[in-house]
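Structure, as structure tokens:
Residue numbers run from 1 in the order of the sequence given. All values reported here derive from a predicted model rather than from experimental measurement. Note that these values count all heavy atoms, side chains included, but never hydrogens, waters or copies made by symmetry.
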Amino acid sequence: SGSSANYMLATDHPELDGMTNLTLEAFIYSIGSSSAQGLVSKRVSGDVEDDYNIMIRGDLASQLEFRVGGQATYLRSPASVETGQWLHVAGTMQLPGAVSNNMLLYINGALIGAKDVPAFSGVGNGAADVVLSTLNPGYASFKGVIDEARISTVARSSNWIWACWMNQISNATFNTYGAAETILSPYVANAGASNVTQNSAYLGASLIATGTSPTEVEKPPAFKAKSS
């Protein structure tokens with residue numbers, strides 16, 4: 001709603017900082033704002049113990065921004081974040097050397113920004129709590145809806161991030177559907193009689209479940225038919 005009181009908080013924990021690889025991601029539905037709106041953030045305020053955050057810069061044409069280690073190390077999207085629809089946003093950071101650009105930014109599974117940060121040696125160990133829907137307590141909150149926000153201590157691959165988006169937006173990408181194989185209801189298959197004598201016989205049959213409707217059955221004791 002934009003009120004500074006609307007956010008979720010996770011108390012600071014050693015697992016939430018100090019990592020050498022990082023991914024921040026979330027599904028968002030924005031309705032727009034003229035101020036900076038945090039999505040996932042860990043900072044005290046401004047540049048104070050600013051470990052990491054991903055935000056929408058409502059004060060800068062509503063661009064998506066990913067920061068690690070303060071305002072000096074950031075990536076911004078080249079265009080404004082679209083409003084009125086669900087988006088998947090993600091930022092990754094890893095130690096330099098393994099790749100040419102170790103800071104990456106994605107929207108809807110597509111890479112929209114890359115930067116080489118050779119000085120990165122790991123996320124700081126600030127005492128700030130992690131908050132969702134704002135940059136820090138007391139700051140204006142995100143106007144919209146946030147779902148499935150995640151902090152990972154690995155730099156997710158581009159394929160992973162693409163799959164996260166497609167798994168939600170496209171039923172046809174990972175699932176296939178076909179017509180029902182049969183429309184038969186469960187039925188009884190008679191296996192005939194056994195142990196037939198002049199005065200009695202055992203009758204045998206099977207209940208066949210076709211899969212088109214639930215079939216619950218309790219196996220009865222053997223049925224013995226007797227002639228009178």
Side chain to side chain, [X] and [Y], heavy atoms closer than 4.5 Å:
X	Y	answer
I146	L39	yes
F27	Q168	yes
L24	I151	yes
E65	I56	no
D116	S100	no
L105	I54	yes
E25	W160	yes
Y106	S158	yes

Count I, L, V, M, F, W, Y as connected when their side-chain heavy atoms are under 4.5 Å apart, and connections chain through other members. Are [X] and [Y] then in the same cluster?
X	Y	result
W86	I31	yes
M103	L111	no
F120	L16	yes
M8	V130	yes
V81	L132	yes

query = Can any side-chain N or O of N102 pair as donor or acceptor with the backbone N or O of Q94 at less than 3.5 Å?
reply =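 Present.
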
Donor-acceptor under 3.5 Å (S41 side chain, L135 main chain) =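 Checked: pair present.
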
Gap between atom [atom2] of [Y] and atom [atom1] of [X] - 0.5 Å precision:
X	Y	atom1	atom2	result
Q85	I169	CD	CD1	8.5 Å
T92	L75	OG1	CG	9.0 Å
M166	I161	CE	CD1	14.5 Å
Y52	T23	OH	OG1	11.5 Å
S141	N6	OG	CG	4.5 Å
H13	D129	NE2	CG	12.5 Å

Evaluation steps, side-chain contact (heavy atoms from CB on, under 4.5 Å), between V68 and V123 = CA-CA 7 Å; V68 180; V123 172; 4.2 Å; yes

inquiry  = Quick one, L60 with R76, criterion side-chain contact (heavy atoms from CB on, under 4.5 Å). Give me CA distance, side-chain angles, the key distance, then yes/no.
reply    = CA-CA 10 Å; L60 293 175; R76 281 193 202 121; 3.5 Å; yes

What closest approach, in Å, do [X] and [Y] show between heavy atoms, and which atom pair accounts for it?
X	Y	value
M55	L64	O-CD1, 3.3 Å
G46	N136	N-OD1, 4.3 Å
S35	A140	OG-CB, 3.9 Å
S30	E82	CB-O, 4.4 Å
V44	A128	N-CB, 3.7 Å
N101	L104	O-CD2, 3.8 Å

message = Does S62 form a side-chain contact (heavy atoms from CB on, under 4.5 Å) with R57? I'd like the steps, not just the answer.
response = CA-CA 5 Å; S62 294; R57 293 295 301 266; over 6 Å; no

task = Apply salt bridge (charged side-chain N to carboxylate O under 4.0 Å, His left out) to R43 and D51, showing your working.
result = CA-CA 6 Å; R43 76 175 196 178; D51 287 341; over 6 Å; no

Stepwise salt bridge (charged side-chain N to carboxylate O under 4.0 Å, His left out) test for D12 and K42 = CA-CA 9 Å; D12 183 38; K42 190 177 191 296; 3.1 Å; yes

message = Here's one to test your reading of the geometry: is the NZ or CZ of K115 within 45 degrees of the ring axis of F66 and under 6.0 Å from its centre?
response =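 No - K115 does not lie over the ring of F66 by the 6.0 Å and 45° rule.
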
key: Residue E15 excluded, over 12 heavy atoms near CD under 6.0 Å   =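 Incorrect, the count does not exceed 12.
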
